[in-house]
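Below: one structure, written as structure tokens.
Each ligand, and each atom within it, is numbered from 1 in the order the structure gives.
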Amino acid sequence: MTTTLALRRPDDFHLHLRDGARMASVIQDSARRFARAIVMPNLNPPITTVTAALEYRSRILACLNEGQDFTPMMTLFLTDHTSPAEIHAAAACEHIYAAKLYPAGSTTNSEHGVTAIESVHTALEAMQEAGLPLLVHGEVTDPHVDVFDREAAFIDRVLTPLLQRFRKLRVVFEHITTREAVHFVRNGPDTLAATITPHHLLNGRSAMFDGGLRPHLYCLPVLKREEDRQALVQAAVGGHPRFFLGTDSAPHPRTAKESACGCAGIYSAHGALELYAQIFESAGALNQLEQFAAGNGAVFYGLPGNSGRVTLEKRDWRVPDTLPFGDGEVVPLFAGEVCHWSLTDA
Ligand code: DOR
Ligand code: ZN
């Protein structure tokens, strides 16, 4: 007898869809699994205006099949120059759901990000007033801080004062990676939530060096210690309402990762839900998956739950070694390994 798991259709609250032919290669992986996705704005150039976000949204919709039920939730990329007027326009736009803070230089295409938190105070005030959530890439960029400590330093130096100053601003601490972040969110105000990726739930940093350097496991924030991974699993499966699913699926061409200076990002959309199911099952908490994947995030964003359903079945499949990506290929998370849950398209 096959074991099946029917869930309310989930949402991906952190997704990189890229653009053009690359987007066309990956979008179905997300659309088959998720009803909605928060779309990251770190294109080159970044999506800094409502107009650019709406144009990007049109390109996304044009990539979908006729009548396909997948809603891209657009975001703005904050810069030192984002005006309160742009924030109010974004908040008034039904297709824009948040604005993203990338500290300048923190990750892929973040050159135009925020150089000091003070430079976005007026934008943050406008967001608080208009009810537009703030999404944060929570790492300091201070070269004196060890790369493995940058998330913890961000909590102390940036996030704690920010939450004190903007008490009504809803903040999503994206792709958390440490025990410190789990503790901080759990004990934080109701205005603070966090997304957790499949790759940070599956791997500690040793996996990046397992038998050699594994560039396809390099992402930012970088994978942390095994104790951190375990804390993330406990947070994801623990039923706490302010932890939810965000894949941070971030495809790069294989050649850009297998390079002397490989870029950060892990592609997971091809099997994200199945891998989360595997993680929850290993933790003995499959019954918590629906709340994490299809409940908590929508509540935090003030959205209705999705009405459709998605079905997984307990059936092994081997994750492909590579997948097409524009005119090249991408090496997906779990490449060559066996995942025990499969998506049924019934
Ligand atoms: O690993 C990452 N890749 N982290 C990010 O924050 C950005 C992302 C990307 O866009 O490739
Ligand atoms: Zn991301």
A side-chain contact here means heavy atoms from C-beta on lying under 4.5 Å apart; do [X] and [Y] qualify?
X	Y	answer
Tyr218	Leu213	no
Leu134	Leu101	yes
Val182	Leu232	yes
Lys100	Leu78	no
Thr195	Leu245	no

Nearest protein heavy-atom contact for [atom]: which residue, which atom, what distance?
atom	result
atom 3 (N) of ligand 1	Ala264 O, 3.1 Å
atom 5 (C) of ligand 1	Thr107 OG1, 2.9 Å
atom 1 (O) of ligand 1	Leu220 N, 2.8 Å
atom 10 (O) of ligand 1	Asn42 ND2, 2.8 Å

Any atom of ligand 1 sitting under 4.0 Å from a heavy atom of Glu139?
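For ligand 1, residue contact (heavy atoms, under 4.0 Å) with Glu139 is absent.
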
Does ligand 1 have any atom sitting under 4.0 Å from a heavy atom of Met40?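 Contact check Met40 vs ligand 1: negative.
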
Considering the heavy atoms of [X], write down every atom of ligand 1 situated less than 4.0 Å from one of them.
X	value
His137	6 (O)
Arg18	9 (C), 10 (O), 11 (O)
His252	9 (C), 11 (O)
Ala250	3 (N), 8 (C), 9 (C), 11 (O)
Cys219	1 (O)
Gly265	1 (O), 2 (C), 3 (N)

Do [X] and [Y] pair up side chain to side chain, a donor and an acceptor below 3.5 Å, judged on atom types alone?
X	Y	result
Asp248	His14	yes
Glu139	Ser106	no
Thr178	Asp228	no

If you count the non-hydrogen atoms of other residues, nucleotides and ligands that lie under 6.0 Å from [atom1] in [X], is the total more than 12?
X	atom1	value
His183	NE2	no
Asp316	CG	yes
Arg225	CZ	no

Keeping to distances under 2.8 Å, can you name the protein N/O/S atoms close to the Zn ion (ligand 2)?
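You should have found His14 NE2, His16 NE2, Asp248 OD1.
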
Counting only heavy atoms closer than 4.0 Å, does ligand 1 sit against the backbone of Ile266, its side chain, both, or neither?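 Near ligand 1, Ile266 shows nothing, with every heavy atom at 4.0 Å or more.
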
Item checked: Proximity to ligand 1 by part of Lys100, non-hydrogen separation under 4.0 Å ->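 Neither; nothing of Lys100 gets under 4.0 Å from ligand 1.
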
Do the numbers put Arg36 on top of the ring of Phe70, so that NZ or CZ is under 6.0 Å from the six-membered ring centre and no more than 45° off the axis?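 Output no; distance or angle outside limits.
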
Please confirm whether Thr108 comes within less than 3.5 Å of ligand 1 when only nitrogen or oxygen atoms on both sides are compared.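 It does: an N or O of Thr108 is found under 3.5 Å from an N or O of ligand 1.
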
Under a single-linkage rule joining Ile, Leu, Val, Met, Phe, Trp and Tyr whose side-chain heavy atoms are separated by less than 4.5 Å, which residues share a cluster with Phe13?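 Listed partners: Ile38, Met40, Met73, Phe77, Tyr97, Tyr102, Leu135, Val172, Phe244, Phe300, Tyr301, Leu303.
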
